[in-house]
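Structure first, then comments.
Below, read A as the first sequence line, B as the second, and so on, with proteins coming before strands; counting in each chain starts at 1. Predicted model, so just to flag it, every value in this text is computed and none were measured.
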There are 2 protein chains.
Amino acid sequence: MDKRIPEETITRLSYYLRALAYFRDEHRSIVSSRQLAQYLKITPHQLRRDLSYFGHFGKQGVGYSCENLIDGIRKILGLDREHRACVVGFGNLGRALSSYRGFQDQGIIIKAVFENDKSKINKTHKALKVYDLDTMEKVIREENIRIGIIAVPKCSAENIAQRLYACGIRAILNLAPVKLNIDKECIIKEIDLSCQLAYLTYRLNLKA
Amino acid sequence: MDKRIPEETITRLSYYLRALAYFRDEHRSIVSSRQLAQYLKITPHQLRRDLSYFGHFGKQGVGYSCENLIDGIRKILGLDREHRACVVGFGNLGRALSSYRGFQDQGIIIKAVFENDKSKINKTHKALKVYDLDTMEKVIREENIRIGIIAVPKCSAENIAQRLYACGIRAILNLAPVKLNIDKECIIKEIDLSCQLAYLTYRLNLKA
DNA sequence: TAGATTGTTAATCGATTAACAATC
DNA sequence: TAGATTGTTAATCGATTAACAATC
C-alpha cells in the first residue's frame, strides 16, 4: 500500500470502472481479469498489478465480483463521497463542463459557476447558479467548495488559479492552455485540447 | 530519427511550443535549454533528449533560436499545414470545440459540424455550418475532411466512429466516455474529462 | 481433488536523468 | 582561445510484462 503508485495506474482505475459497469449492466456478476483485460485491450497482468497496489479484490480460481470491485475502486478514487466543485468561466467550454453528466455520476457536484460578463450573471441555467466573479471567494467558502475547474481564457487563468489557491482550493482542473504557476501543494490536472489534437496531426503527418 | 519515439515526447513538443511562443513574445530571440526547462519545470536534459529524436535545432555554446525551433516543432507536429476537421455533436461540448480558438492557431480548421437535432441544423454559427448528421459522409468527402472530433453522447459514439472510419477518416479525437472499438489503423486520442477529475478526487482523498 | 484465477515476485523493457565529448 | 551549451551515449530509474506460487 505504501509503494509508490504510478499516476498511470490511477488513471486506469477510471477505465476499469467503466468496463466493470459494462459487465454489471450485462448481468455478469463475476468477471475475470482476462475478460476485463480483453474488453479494455490491455494485458490481464497490468490489471492485476494495478489492483494489487490497493488490496485483494478477487477470489483465486474465481475472479472479481463486479459490484465489489466497483465499490472498491470508487472508494480508492474517492468517488464514494460527494465532492463540491465550481467552474470558473461561463463561455462555451464552461457551459459544457457545468452541465457535464459524467461528473455527477462520479459524485462531483458543480455548486457554482463564476463569470465576469455581467449579462450572464445571476441567472440560473438548469439548477446551476452563475455568480459574479467578484464574489468567488465568498461563495467558495459559503458553499464549502473544494475543487476548481478553470475554463477562462488563458490570459486570466493564472490570476484565477492564484485566487482559488488563496481561498483554500487545493485541487484544480485547468482547461486553459497555460502552465499554472502555483504552489505544488495544490493538485493540478491540465487538459489542453489543442495539444491532444497536435498528437493526431503528428501521426497523420507520419503517414503522409 | 528511426528510433522509437515515446508518445510522451510528442505531447511535450506542444508544451515546448507554448514556452517558445512566450520567449518569442518577450523578444528573446535566443533561448537555452536551461531557460526553457526552468520555465516548463522540467529538466534541460529531457528537453534536449526530446529534440534530439528529430534533429539538430540548436547551436552549441549558444542555444536555440526561438523562431527556428518554433518552425521546427511545428513542422514535426504537422502544424505547418492545414488540417481539415469536423465536429460531430453540437451540444454544449460540441459548441465549445467548434469555436475553440486554440485549434485555429494550430492550423486545424473546423470545416463542418454534424448534428441530429433538426432544430439546430442548417444554421450558421459564426462562420460555422451545422449539417444534418445524415449528410455526414457526403460532406466529409466534399470538404476533404481528415480529422473527426466526437462530442456525442456515449451511446452513439461507437456508431459515429464506425461511420467516420468507413468514409475515410483516420484520425479521431474522442470526447465521449467510451473506448472506441475501431481498426488500429485509425489514430485515436481519447479525452475523458471525468477520468481526469477522478485523479483529483483520488489525490484529495489521500490527504484527507 | 483438479481446474482456474488471483496476487506477488522476478525479468524485461522503455523512458528519464546524468555525464560528457563535440563544437559553436 | 576560453566559456558555454548542445547533442548523444551511458546509467538510472520506474513501469509493464511475465511467471508462478498461493488458494479458492
query = Does B/R18 make a cation-pi contact with B/Y22 (under 6.0 Å, within 45 degrees of the axis)?
reply =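 Pair B/R18/B/Y22 does not count as cation-pi.
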
(request) Indicate whether the side chain of B/N144 and that of B/R146 have a donor and an acceptor atom separated by less than 3.5 Å. (result)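 Yes - a donor-acceptor pair under 3.5 Å links their side chains.
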
Inset, instruction - Return yes if a side-chain donor-acceptor contact under 3.5 Å exists between A/K41 and B/N181, otherwise no. - result: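 Yes - a donor-acceptor pair under 3.5 Å links their side chains.
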
Within this structure, what is the [atom1]-to-[atom2] distance between [X] and [N], rounded to whole angstrom?
| X | N | atom1 | atom2 | value |
| --- | --- | --- | --- | --- |
| A/H56 | D/dC24 | NE2 | P | 11 Å |
| B/N68 | D/dG7 | CG | C1' | 16 Å |
| B/R34 | C/dA18 | CZ | P | 16 Å |
| B/F57 | D/dT8 | CZ | P | 11 Å |
| B/Q60 | C/dC24 | CD | P | 6 Å |

For this output row, return yes or no: ring centroids of B/F114 and B/F90 closer than 6.0 angstrom.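 For B/F114 and B/F90, the ring centres are not under 6.0 Å apart.
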
Closest to side chain of B/S33, choosing from D/dG7, D/dT23, D/dT6
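Output: D/dT6.
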
message: Take a 6.0 Å sphere around CD of A/Q162 and say whether it holds more than 12 heavy atoms from other residues, nucleotides or ligands.
response: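 More than 12 within 6.0 Å, yes.
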
Only stems of 3 or more consecutive Watson-Crick or G-U pairs count here, both distances under 3.5 Å; name the ones for DNA chain C, or none.
->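 Correct response: C:3-24 with D:3-24.
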
Identify every side-chain donor-acceptor pair in residues 94-105 of chain B under 3.5 Å, counting partners at least two apart or on other chains, and give the distances.
residue : atom : partner : partner atom : Å
B/S98   : OG   : B/G94   : O            : 2.5
B/S99   : OG   : A/N92   : ND2          : 3.1
B/S99   : OG   : B/R95   : O            : 3.0

Could you list, one pair per line, each protein nitrogen or oxygen that sits under 3.5 Å from a nitrogen or oxygen of nucleotides 14-17 of chain D, together with the distance?
residue : atom : partner : partner atom : Å
D/dT16  : OP1  : A/R12   : NH1          : 3.0
D/dT16  : OP2  : A/R12   : NH2          : 3.0
D/dT16  : O5'  : A/Q46   : NE2          : 3.2

ask   = Should A/E158 and A/V178 count as side-chain neighbours, where that means a heavy-atom distance under 4.5 Å?
value =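 No. Closest side-chain heavy atoms not under 4.5 Å.
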
- Output yes when at least one side-chain N/O atom of B/R48 is less than 4.0 Å from OP1 or OP2 of D/dT6, else no.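 Answer is yes, contact under 4.0 Å.
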
For A/G89, does its backbone N or O pair with a side-chain atom of A/E115 as donor and acceptor, under 3.5 Å?
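A pair under 3.5 Å: no.
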
